[in-house]
Amino acid sequence: LGKAPHYMGVELEVESGDIFHRENQARLVLQILNQDSEDGNDFVICKSDASLEDGFEICTRPATLEIQKQKWSKFFDVLNCSGGYARDRRGIVQNQSRVERLNSLKSRNTTTCGMHIHLSKLNQDGSPLMSQKQQKKLTVFFNASENLKFLQTIGQRGSFYGGGYDSSKTMRSEQMRRSEAVNFQNEYTAEIRIFIGTLREDHFYKNLEFAHAIKRFTRDKFLSWEKMTYGNFIQWVMKEEKRYPYLVRFIHQRFFKFADVIDFQRSIGRKSMDQLRQLERAGKRIALGYRLHFELSRLDEYPQIGPSSL
C-alpha cells in the first residue's frame, strides 16, 4: 500500500489476558484495522504464535511508513478512548465494552511479546532493492558493541534474540540465524526484531520511524560501513525531525533528560555547560554527541534512563 518500493510490514504480538475472550479481541482488532480498505483486501490478519501464552500476532500488509501510521491511528483512536459511550479522537462514539475489550490486551508488560518490522529487500519487479553492501552495513550497525546500549534503549528491552550481538558477524548465510536482531533469511524482507511489544502509540510510531530511518541511513552511499555508529546515526536523524518526530522526541527524552543537572566537565574536558549550549545553538551536532556518549556511558548508573525501566 502506498508508493513503491520502500514498504514495511509489522508483526505485533499481544497477550489476551483472558483466553475466553481472545477470539472476540482478535475479531475486534480486524474490524478496526481493516475498515476503509481501498482495494478490498485486508490490511491485517491475526494469527496464533507458539511463543505466546494466550495471545495472538497482528500482522500487516506491506505499506509505506505514512500508510502504516494512517491505518494504525484508527486502532489507537479506540485504544486511547475512555469512559462509557465516549468519543474517540475522531469524534466517533465508542461503546464501553468495545473499549474495555481492546484495553485488556497486553504487549509491553509481558515476558512474551515483541514487535517485529519487515523492510522490503526487493523491488516490485523482483530486482534487488537492498544491496548486499547495505545488508552488511545493517549487520555492522546492529552487532557493533559500541551501539549495544543505544539499541537496547531504542528497542526498550535489555536483551535480544538468539546469541545477541556479535561484532565479528558477516553476511554469510550460515552465520545469520532467523533469531538475530536483524533477520535476512526471509526472501523478500529484512526483519528488525529488537523491539519489545507495545500498545503505547508514541512508542509504536517510534519503532516504525526507527526502522524506516535505519534503512535510509544505511542506504546513504556517502556513509561507509565504518561509520555505522549510533553517534553518526543520531547526527543524521536529527536533520530529519519533521519526518521522524516520534523517534527524535524519544531520543531527546531518553538521552538528554539530565543534561542540566549532570556535571559534564569531567567527561568532556574544558567544555563547560555554557559552551555546550552555545555549540547547540550554533547547530554544532558534536555537542549532542558529547551528551549522548556521556548518557550512554552512565545507563547502568542511572537506571531510570536505562532500557530495563522503559
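Small disclaimer: the values here were computed from a predicted structure and weren't measured.
Residues forming a ring-ring contact (aromatic ring centres under 6.0 Å, His included) with Y244 (at least two apart in sequence, or on another chain): H212. Legend: residues meeting side chain to side chain contact (heavy atoms under 4.5 Å, CB included) with D202, ordered by chain and number and at least two apart, are R200, Y246, R249.
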Problem set entry | Intermediate values then yes/no, salt bridge (Lys or Arg N to Asp or Glu O under 4.0 Å), K69 and E209 | CA-CA 10 Å; K69 287 183 176 181; E209 290 177 356; 2.5 Å; yes

Problem set entry | Verdict with supporting geometry, V182 and R193, side-chain contact (heavy atoms from CB on, under 4.5 Å) | CA-CA 6 Å; V182 183; R193 301 170 57 86; over 6 Å; no

For this session: Test L247 against I154 for side-chain contact (heavy atoms from CB on, under 4.5 Å), laying out the working first.
Result: CA-CA 9 Å; L247 175 59; I154 290 292; 4.1 Å; yes

For this session: Decide yes or no on side-chain contact (heavy atoms from CB on, under 4.5 Å) for V29 and L105, but give the supporting numbers first.
Result: CA-CA 10 Å; V29 169; L105 291 174; 4.2 Å; yes

For this session: Assess whether salt bridge (Lys or Arg N to Asp or Glu O under 4.0 Å) is satisfied between E187 and K121, documenting all intermediate values.
Result: CA-CA 8 Å; E187 182 178 359; K121 289 198 300 185; over 6 Å; no

Exercise. Going through the checks in order, is the side-chain contact (heavy atoms from CB on, under 4.5 Å) test met by E201 and F75?
Worked result: CA-CA 9 Å; E201 186 174 16; F75 174 81; over 6 Å; no

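T189 contributes atom OG1, which lies 12.0 Å from atom CD1 of I117 (distance to the nearest 0.5 angstrom). The distance from the CE atom of M238 to the CZ atom of F233 is 9.5 Å, given to the nearest 0.5 Å. Separating the CD atom in E191 from the CG atom in N183 is a distance of 5.0 Å, to the nearest 0.5 Å. We find the CZ-NZ distance between F210 and K215 to be 14.0 Å, quoted to the nearest 0.5 Å. Taking OG of S73 as the reference point, atom CD1 of I32 lies at 11.5 Å (rounded to 0.5 Å). Atom-to-atom distance recorded for Q25:CD and R27:CZ is 11.0 Å, nearest 0.5 angstrom.
Across all their heavy atoms, R157 and C113 have their closest contact at NH2-O, 4.2 Å. Heavy atoms only, all atoms of each residue included: M130 and F184 are closest at SD-CE2, 4.2 Å. The two residues S107 and L199 come nearest to each other via the heavy atoms CB-CG, 3.9 Å. In terms of heavy atoms, K227 sits closest to N232 at O-ND2, 3.0 Å. Heavy atoms only, all atoms of each residue included: Q134 and T218 are closest at NE2-OG1, 3.0 Å. The two residues R22 and D54 come nearest to each other via the heavy atoms CD-O, 3.1 Å.
The hydrophobic cluster containing L122 also includes Y188, under a criterion of side-chain heavy atoms closer than 4.5 Å among ILVMFWY residues, counted directly or through chains of members.
Contact of the R216 side chain with the R243 side chain is registered, since non-hydrogen atoms from C-beta on lie closer than 4.5 Å. Looking at heavy atoms from C-beta onward, H203 lies in side-chain contact with Q156 at the 4.5 angstrom threshold. Proximity of Q35 to K74: side-chain heavy atoms (C-beta onward) are separated by under 4.5 Å at one or more points. For the pair I214/F142, a side-chain contact is recorded, criterion being any heavy-atom separation below 4.5 Å from C-beta on. Taking 4.5 Å as the limit, some side-chain heavy atom of M8 sits within range of a side-chain heavy atom of Q68. With contacts defined as side-chain heavy-atom distances shorter than 4.5 Å, the pair Y230/L151 does not qualify. Side-chain contact between C46 and F56: present, with at least one pair of heavy atoms (C-beta onward) separated by less than 4.5 Å. Between N186 and H118, the closest side-chain pair of non-hydrogen atoms falls below 4.5 Å.
Put simply, the side chain of S120 gets close to the backbone of Y7: a donor and an acceptor are under 3.5 Å apart. Panel note: side chain N147, backbone F141; a donor-acceptor pair is recorded below 3.5 Å. In this structure, N34 contributes its side chain and F43 its backbone to a donor-acceptor pair below 3.5 Å. Side-chain atoms of E11 do not come within 3.5 Å of backbone N or O of H116 as any donor-acceptor pair.
The 12-atom threshold is exceeded at CD of E66, counting heavy atoms of other residues, nucleotides or ligands nearer than 6.0 Å.
Side chain to side chain, N123 and S127 meet the donor-acceptor criterion of an N or O pair below 3.5 Å.
Of the candidates K106, E53, E15, E15 is the only one forming a side chain to side chain donor-acceptor pair (under 3.5 Å) with T112.
In this structure, K137 is not positioned above the aromatic face of W225 in the sense of NZ or CZ being under 6.0 Å from the six-membered ring centre and within 45° of the axis.
Criterion: ILVMFWY side-chain heavy atoms under 4.5 Å apart, direct or through other members. Under it, L30 and L79 are part of a common hydrophobic cluster. Side-chain heavy atoms closer than 4.5 Å link hydrophobic residues (I, L, V, M, F, W, Y) into clusters, and following such links, possibly through other members, connects I192 to W236. One hydrophobic cluster holds both I234 and L223 under the rule that ILVMFWY side chains link at heavy-atom gaps under 4.5 Å. Cluster membership check: I67 does not share its hydrophobic cluster with L129, using side-chain heavy-atom separations under 4.5 Å among Ile, Leu, Val, Met, Phe, Trp and Tyr.
The aromatic rings of W72 and F204 sit tilted relative to each other, their planes meeting at an angle between 30° and 60°.
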